*Asks:* 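I have a structure here, written as structure tokens, and I will follow up with some questions on it.
As the structure is a computational prediction, the values presented were derived from the model and not from experiment. First the proteins, then the strands, lettered A, B, ... as listed; each starts at 1.
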Number of protein chains: 2
Amino acid sequence: MSPTGLDGLSMRALGASLGVDPTAVYRYFRTKDELLEALADAVVGGGGPHPETGTPRQRLRGMFANLRHTLLANPALTPVVVRRQPEGEGTWQGTENVLAVLREAGLSEQDTARAYQALLNYTLGHALLEAPYALMSAEEAEGIRTRVRAGLAVLPLDRYPHVSAVAAHLYTDMDSQYLYGLDLMLAALPIDSD
Amino acid sequence: MSPTGLDGLSMRALGASLGVDPTAVYRYFRTKDELLEALADAVVGGGGPHPETGTPRQRLRGMFANLRHTLLANPALTPVVVRRQPEGEGTWQGTENVLAVLREAGLSEQDTARAYQALLNYTLGHALLEAPYALMSAEEAEGIRTRVRAGLAVLPLDRYPHVSAVAAHLYTDMDSQYLYGLDLMLAALPIDSD
DNA sequence: ACCTGAACACCGTTCAAGT
DNA sequence: ACCTGAACACCGTTCAAGT
């Protein structure tokens with residue numbers, strides 16, 4: 001099995017694919033980590049003011065689904081982007097946008113901060129969790145989920161009745177799993193009803 | 001900086017600390033991954049039937065807070081445990097317990113599966129996210145959070161008014177961040193009121 | 001100014017050889 | 001049955017030397 005993700009990016013492999021000595025890269029980046037940070041910055045870079053429409057909940061839903069999409073656009077870089085300390089235009093603009101929606105929906109400063117953090121941590125954590133799957137082919141990922149469901153369905157019925165009963169509904173696609181959890185959080189936010 | 005977490009566990013380092021040739025370990029484990037799986041199994045092992053008390057929400061809260069605690073008890077192993085395919089007594093018993101509470105609280109099979117998945121993904125993702133912090137000293141982790149908050153508070157007020165306003169409430173301790181998000185999800189579950 | 005190539009201090013893993 | 005030690009194919013990184 002050839003290495004995937006970040007393991008596949010070695011300074012030697014990079015040099016080879018550039019047709020250059022592996023150590024030549026050190027003229028431009030002091031360490032491999034610095035190179036990865038630069039790549040992570042490029043991934044995040046895009047975010048403009050991005051005005052979403054609809055109810056507060058719909059706008060928040062769009063913003064975080066969008067963040068998840070950005071994080072998973074280059075799954076090999078997902079861990080690097082997620083662990084990056086928050087900094088840069090894009091990050092701050094994104095934070096400001098979310099906080100504005102929460103605040104204008106009637107949440108207190110405390111609740112705004114807590115809700116933002118909860119939604120952010122959920123999205124970052126979920127991206128970390130699914131990055132390895134995003135790195136494989138769709139068939140490969142589906143194969144794994146199918147195998148897990150089959151394993152669950154075959155458990156002794158007398159000891160694990162509920163697991164057997166709902167096994168077919170578990171380990172579905174990651175998109176709907178993410179959105180279901182996101183909607184739970186959004187539904188519980190103390191947003192003014194109008 | 002000496003390597004931390006899994007990077008610190010090399011076959012050579014392991015051999016040295018056992019006072020034995022590095023390759024001797026290969027008599028007992030075929031690969032390093034197999035060794036790590038065995039360690040992950042040991043981490044998960046404990047879970048008995050574990051009857052919690054209180055309302056459904058309280059019981060679910062306890063169960064997932066408990067799972068997070070188990071996952072972070074050995075932060076270096078958190079990624080290994082989280083990515084492990086579900087298997088073994090402990091895992092299945094834990095799943096059965098959660099599903100039972102959800103089902104008995106009046107959720108449909110579909111909703112039971114989806115709610116379980118959402119709570120599980122949130123907890124696994126959050127553990128992945130905070131494992132690096134659990135690996136450092138409490139002072140070190142607090143130092144990082146303080147620095148991030150300070151960075152946020154110092155942003156230009158006219159462009160990021162909401163960020164500046166709530167900066168002091170962001171990046172607090174991980175325990176309350178986790179519990180706040182967990183409570184949001186639990187609050188939104190369609191549980192029978194009695 | 002930029003690239004090369006040898007070298008250092010590491011990895012995981014294999015395998016013939018020792019006891 | 002268990003351990004050793006050399007070896008293979010890798011890493012990230014440094015640095016003197018070349019152009």
Side-chain angles (χ1 to χ4, degrees), chain A residues 1-44 71 74-85 87-88 128-129 131-137 140 144, chain B residues 1-44 71 74-85 87-88 128-129 131-137 140 144:
Chain A
M1 200 157 33
S2 82
T4 61
L6 279 193
D7 301 339
L9 176 63
S10 73
M11 299 306 260
R12 283 172 166 83
L14 177 58
S17 95
L18 293 174
V20 106
D21 192 272
T23 64
V25 185
Y26 285 87
R27 289 285 140 187
Y28 306 92
F29 301 96
R30 283 194 326 213
T31 64
K32 189 183 182 180
D33 279 352
E34 216 167 77
L35 197 179
L36 294 177
E37 285 302 314
L39 291 176
D41 287 351
V43 167
V44 168
L71 293 173
N74 301 87
L77 284 177
T78 303
V80 183
V81 179
V82 167
R83 314 271 195 213
R84 222 181 54 117
Q85 298 292 88
E87 64 170 21
L128 238 30
L129 202 58
Y133 295 93
L135 215 43
M136 353 176 160
S137 71
E140 220 172 334
I144 290 180
Chain B
M1 199 156 37
S2 82
T4 60
L6 279 193
D7 300 339
L9 178 62
S10 75
M11 300 306 260
R12 284 174 165 84
L14 177 59
S17 94
L18 293 174
V20 106
D21 191 272
T23 64
V25 185
Y26 286 86
R27 290 285 140 186
Y28 305 92
F29 301 95
R30 284 194 324 215
T31 64
K32 188 183 182 182
D33 279 351
E34 215 167 78
L35 197 180
L36 293 177
E37 284 302 315
L39 292 176
D41 288 350
V43 168
V44 168
L71 293 172
N74 301 86
L77 284 175
T78 303
V80 183
V81 179
V82 166
R83 315 271 195 212
R84 222 182 53 118
Q85 300 291 88
E87 65 170 21
L128 238 30
L129 202 59
Y133 296 92
L135 215 45
M136 352 175 162
S137 70
E140 221 171 335
I144 289 178

*Asks:* Taking the C1' atom of each, how far is C:dC10 from D:dC8, in whole Å?
*Replies:* 15 Å
*Asks:* Looking at CG of B:Leu135 and CD of B:Glu140, how far apart are the two atoms once the value is rounded to the nearest 0.5 Å?
*Replies:* 9.5 Å
*Asks:* Taking atom CG of B:Leu71 and atom CG of B:Leu77, what is their separation to the nearest 0.5 Å?
*Replies:* 11.0 Å
*Asks:* What's the spacing between A:Thr78 OG1 and A:Arg83 CZ if we round to 0.5 Å?
*Replies:* 11.0 Å
*Asks:* Could you state the atom-to-atom distance from NZ of A:Lys32 to P of D:dT13 in whole Å?
*Replies:* 8 Å
*Asks:* Please report the shortest heavy-atom distance between B:Val80 and B:Ala40, naming the atom on each side.
*Replies:* CG1-CB, 3.8 Å
*Asks:* Got a second to check how far B:Leu36's CG is from B:Asp41's CG, nearest 0.5 Å?
*Replies:* 11.0 Å
*Asks:* Kindly indicate, with the supporting measurements, whether the criterion side chain to side chain contact (heavy atoms under 4.5 Å, CB included) is fulfilled by A:Thr4 and A:Met136.
*Replies:* CA-CA 9 Å; A:Thr4 61; A:Met136 353 176 160; over 6 Å; no
*Asks:* I'd like to know whether B:Leu14 forms a side chain to side chain contact (heavy atoms under 4.5 Å, CB included) with B:Leu35, so could you lay out the CA-CA distance, the side-chain angles of the two residues, the decisive distance to 0.1 Å, and finally the verdict.
*Replies:* CA-CA 11 Å; B:Leu14 177 59; B:Leu35 197 180; 3.6 Å; yes
*Asks:* Just verifying a value: how many Å separate B:Arg12 CZ and B:Thr23 OG1, rounded to the nearest 0.5 Å?
*Replies:* 9.5 Å
*Asks:* Evaluate the criterion side chain to side chain contact (heavy atoms under 4.5 Å, CB included) for residue pair B:Met11 and B:Tyr26; output intermediate values, then yes/no.
*Replies:* CA-CA 9 Å; B:Met11 300 306 260; B:Tyr26 286 86; 3.7 Å; yes
*Asks:* What is the separation between atom CG on B:Leu36 and atom C1' on C:dC11, rounded to the nearest whole Å?
*Replies:* 14 Å
*Asks:* Just to be sure I understand: a Watson-Crick pair is purine N1 to pyrimidine N3 plus N6-O4 or O6-N4, both under 3.5 Å. Using that and G-U wobbles, which stems of three or more pairs involve DNA chain C?
*Replies:* C:4-8 with D:12-16, C:12-16 with D:4-8
*Asks:* When the distance from OH of B:Tyr26 to P of C:dC11 is rounded to whole Å, what number comes out?
*Replies:* 12 Å
*Asks:* If you look at every heavy atom in B:Pro79 and B:Ala76, which pair is closest and at what distance?
*Replies:* CD-O, 3.7 Å
*Asks:* In whole angstroms, how far is the C1' atom of C:dT14 from the CZ atom of B:Arg30?
*Replies:* 14 Å
*Asks:* List in numerical order all residues of residues 9-19 of chain A for which some heavy atom is under 4.0 Å away from an atom belonging to DNA chain D.
*Replies:* A:Leu9, A:Ser10, A:Met11, A:Arg12
*Asks:* Nearest heavy-atom pair of A:Arg84 and A:Glu87: which atoms, and what distance?
*Replies:* NH2-O, 3.0 Å
*Asks:* When the distance from CG of A:Asp21 to C1' of D:dT13 is rounded to whole Å, what number comes out?
*Replies:* 12 Å
*Asks:* Whole angstroms only, please: what is the CG-P distance between B:Leu35 and C:dC11?
*Replies:* 15 Å
*Asks:* State whether B:Tyr28 places a side-chain N or O below 4.0 Å from either non-bridging phosphate oxygen (OP1 or OP2) of D:dC3.
*Replies:* yes
*Asks:* Strictly under 3.5 Å: I want the nitrogen or oxygen pairs between protein and nucleotides 15-19 of chain D, one per line.
*Replies:*
none

